[in-house]
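What you are looking at is a predicted structure, and each value in this text was computed from that prediction instead of being measured. Chain A is the first sequence line, chain B the second, and so forth, proteins listed ahead of strands; every chain is numbered from 1.
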Amino acid sequence: MILNYFKLALRVMLRRKFFTFISLFGISFTLMVLMLIVSYLNSQFAATQPLSNVKELVIVPNIKLRKEYFDSIPKYDTTIVNGLTKIDTTYDVKSAGQSNSISDLSRRVIEDYLFKLSSTKLVSFASRGNNFDLYRNNQKVSISVSYIGPNYFDILDYKILEGRLLDENDNKQSKHNIVITSKLAIKLFGKTENVVGQSIDFDNQDFKIVGVVETPKPKNRLFNQNVFASESLYEEGADNFYFGNCILIAKGPVDLIKKDVLFAATKIPFQDPEKYNELIVNPMTYKEMFASDFDFSEDPTKAYNILKYILIGILAFFILLPLLNLVNLNVSRIMDRSSEIGVRKAFGATDNHILYQYIFENVIQTLLGGAIGLIMALMAIYYINTSGLLNEMELSVSPTFFFYSLLATLFFGLLSGVMPAYIISKSHIVTSLKSKQL
Amino acid sequence: MIQLQNLNKVYRTSTIETTALNDINLSIDKGEFLSIMGPSGCGKSTLLNIMGLLDEPSSGKLVINGQQISDYNSKAMAKYRNQHLGFIFQSFHLIPDLSVIDNVELPLIYRKMSASQRKSLAKTALESVGLSNRVDHYPNQLSGGQKQRVAIARAIVGEPSIILADEPTGNLDSVMGNEVMEILLRLNTEKQTTIVMVTHDENMANMTHRLVRLYDGSQVQ
């Protein structure tokens with residue numbers, strides 16, 4: 001029966017070429033865009049290197065000290081009391097301003113209160129990238145150097161292409177060793193092999209490359225560097241590490257760590273409470289960090305939820321329009337064959353036989369559209385990745401990408417086929433037979 | 001074999017009520033070849049559709065092979081049609097996207113039969129109507145007579161006990177019409193298949209065992 005339906009689906013598509021062309025165009029274009037979205041989300045969020053630990057990852061960016069000043073603000077009004085006009089004064093206690101500092105954070109405080117949480121398996125940090133310009137073959141190459149703490153590469157498991165990662169010895173001995181990303185290796189040397197052992201100069205010092213790691217696909221503040229150096233090489237010394245300008249990362253049960261970080265921040269004793277009396281920390285998951293870049297809310301969880309609903313809304317709207325169009329097209333295509341339904345029912349087909357047959361036909365058509373969409377999406381991904389379009393963003397193609405693309409295709413096929421198939425399956429036999437003659 | 005008792009069919013809209021069949025009482029025996037005649041709109045096709053479980057009567061009883069059909073749900077009716085009834089339509093109603101053999105196989109598809117078994121039975125049915133050399137053709141490559149012979153092969157492939165033919169020769173010239181009629185007569189004689197045929201042609205009707213005439217939804221002969 002399946003083979004019969006399959007043959008019929010192909011014949012119908014070939015016989016109604018114009019219908020098929022319009023349907024396939026809509027399906028393949030919509031699915032191509034859906035696949036590009038899947039690819040983008042996959043490249044940003046997939047639990048692959050260096051984000052294999054993404055489900056256990058907590059990020060604490062923008063640590064700062066704060067003191068908020070309050071003031072009583074009088075509000076004057078008039079009121080009538082016993083026939084006389086009186087002045088009615090009320091006072092509102094409102095914030096009159098705040099002072100923030102990211103430079104007065106002491107390393108000891110951070111280490112004592114945020115590094116020693118019982119819920120964390122590993123803790124580390126990385127400074128935001130310090131930018132330098134190098135010149136190679138008369139070409140300017142911009143680098144962004146991040147000074148990293150111990151365990152950094154244990155939390156973010158970068159894929160090593162050559163050499164090794166930085167270790168405790170590099171840090172302890174303040175060796176001028178660095179690890180660079182593959183994209184920087186290509187920019188500097190035109191290759192990623194035999195790069196280890198070479199040196200580059202920046203910040204008036206000479207640094208030896210000990211490893212090359214694969215450039216992470218996600219583009220966000222966690223991955224904005226292309227050179228890694230040990231924290232001991234930090235320009236002002238490790239003891240003066242600039243925590244206000246770095247990202248803390250922790251591995252462990254995320255909800256617990258978030259709670260612990262927030263609680264620990266309230267326990268910190270302030271040396272000079274008159275100056276600062278609050279430590280502002282905002283622990284967040286990787287997804288929340290991604291969402292917080294959109295500035296929807298200061299609360300990362302809220303920001304993530306807002307972004308999620310906006311994306312779902314856009315996606316639903318984007319799918320709904322071509323879907324309705326396809327449903328409309330399918331209804332008229334199926335109605336064109338209503339006499340066939342009458343014949344099938346006369347010879348023993350039940351409503352369900354008809355329903356499944358037309359859903360099956362639609363899924364076959366959508367799978368064909370999905371295959372065309374996939375080819376188009378792969379071409380677009382290749383173009384985006386090689387052209388450096390979209391801010392050097394790299395889209396990924398992986399088994400997850402294929403799985404979700406297939407899922408999107410089947411979902412689209414079922415959704416656009418069920419209603420027309422249901423309508424036609426319920427049609428009356430005599431009415432169907434009397435409709436357009438075969 | 002088929003018994004219609006006080007059968008009525010009324011079509012109702014919000015403003016009009018039209019009586020298509022009025023108190024029909026009819027008994028058709030096993031192996032009988034019955035023709036139904038009458039002017040256009042007298043209810044011939046409606047009667048045939050009710051006998052074929054394609055439509056439901058407004059009142060009255062339909063009993064086939066001793067079973068009262070009004071007790072059946074739509075799934076049971078579909079199964080009954082599939083196993084006991086065969087249809088031949090005036091305008092053939094072949095599916096244009098299917099080859100001749102695939103069209104003939106159609107009733108067997110809903111019997112969960114293996115593909116090889118279906119093919120074999122369809123070929124035998126096509127041989128019996130003289131079209132074994134047209135199995136891979138498509139309906140639009142056939143003449144009217146050939147199309148109707150394919151439709152007959154489709155009707156008989158499942159060896160139904162009853163064949164209901166709605167003006168099977170209506171769209172054919174006399175030569176082709178006679179060919180089709182010969183096949184139906186042979187089927188009736190050789191396999192004892194009960195046939196009910198709606199026709200406008202007196203000559204064709206005279207070849208059958210019995211003639212029933214309808215006028216304005218009532219049986220007049």
Checklist line | Pairwise distance CZ(F87(B)) to CG(L433(A)) - rounded to 0.5 angstrom | finding: 9.0 Å

Next item on the list: Please report the closest heavy-atom contact between A78(B) and T350(A), naming both atoms and the distance.
Entry: CB-CG2, 3.7 Å

Check: Do other residues, nucleotides or ligands put more than 12 heavy atoms under 6.0 Å from the CZ atom of F360(A)?
Finding: yes

Notebook entry, point to check: Counting only heavy atoms not in Y215(B), do more than 12 sit closer than 6.0 Å to its OH atom?
Noted result: no

Check: In terms of heavy-atom contacts, does OH of Y382(A) have more than 12 from other residues, nucleotides or ligands at under 6.0 Å?
Finding: no

Margin query: Looking at Y356(A), I want to see if its OH is surrounded by more than 12 non-hydrogen atoms of other residues, nucleotides or ligands under 6.0 Å.
Written below: no

Margin query: Given heavy-atom pairs under 4.5 angstrom as the criterion, report whether the side chain, backbone, both or neither of Q83(B) touches chain A.
Written below: neither

Next item on the list: Mind checking the CG-CD spacing from L98(B) to E340(A)? Nearest 0.5 Å is all I need.
Entry: 6.5 Å

Item checked: Shortest non-hydrogen contact between K345(A) and R81(B), atoms and distance -> O-NE, 2.9 Å

Next item on the list: Provide the closest heavy-atom pair for F89(B) versus A346(A) in the form atom of the first, atom of the second, distance.
Entry: CZ-CB, 4.2 Å

Next item on the list: Would you give the length of the straight line joining atom CZ of R344(A) to atom CD1 of I95(B), rounded to the nearest 0.5 angstrom?
Entry: 4.0 Å

Margin query: With a 6.0 Å cut-off (strictly less than), is the heavy-atom count around OH of Y80(B), excluding the residue itself, greater than 12?
Written below: yes

Next item on the list: List the atom of V430(A), the atom of L54(B), and the distance in Å for their closest heavy-atom pair.
Entry: CG2-O, 3.4 Å

Next item on the list: To the nearest 0.5 Å, tell me how far D55(B) CG sits from H428(A) NE2.
Entry: 4.5 Å

Note to self: Surrounding OH of Y5(A) (heavy atoms of other residues, nucleotides or ligands, distance under 6.0 Å), is the total greater than 12?
What the structure shows: yes

Notebook entry, point to check: If you count the non-hydrogen atoms of other residues, nucleotides and ligands that lie under 6.0 Å from CZ in F21(A), is the total more than 12?
Noted result: no

Notebook entry, point to check: Can you list the steps and then say if H353(A) with I109(B) is a side-chain contact (heavy atoms from CB on, under 4.5 Å)?
Noted result: CA-CA 10 Å; H353(A) 283 129; I109(B) 281 177; over 6 Å; no

Note to self: Could you check whether atom CD of E56(B) has more than 12 heavy atoms from other residues, nucleotides or ligands sitting under 6.0 Å from it?
What the structure shows: no

Next item on the list: Please look at Y138(B) and chain A and tell me whether the side chain, the backbone, both or neither of the residue comes under 4.5 angstrom of a heavy atom of that chain.
Entry: side chain

Note to self: So, taking the atom named CZ in R111(B) and the one named CZ in F347(A), what distance separates them when rounded to the nearest 0.5 Å?
What the structure shows: 11.0 Å

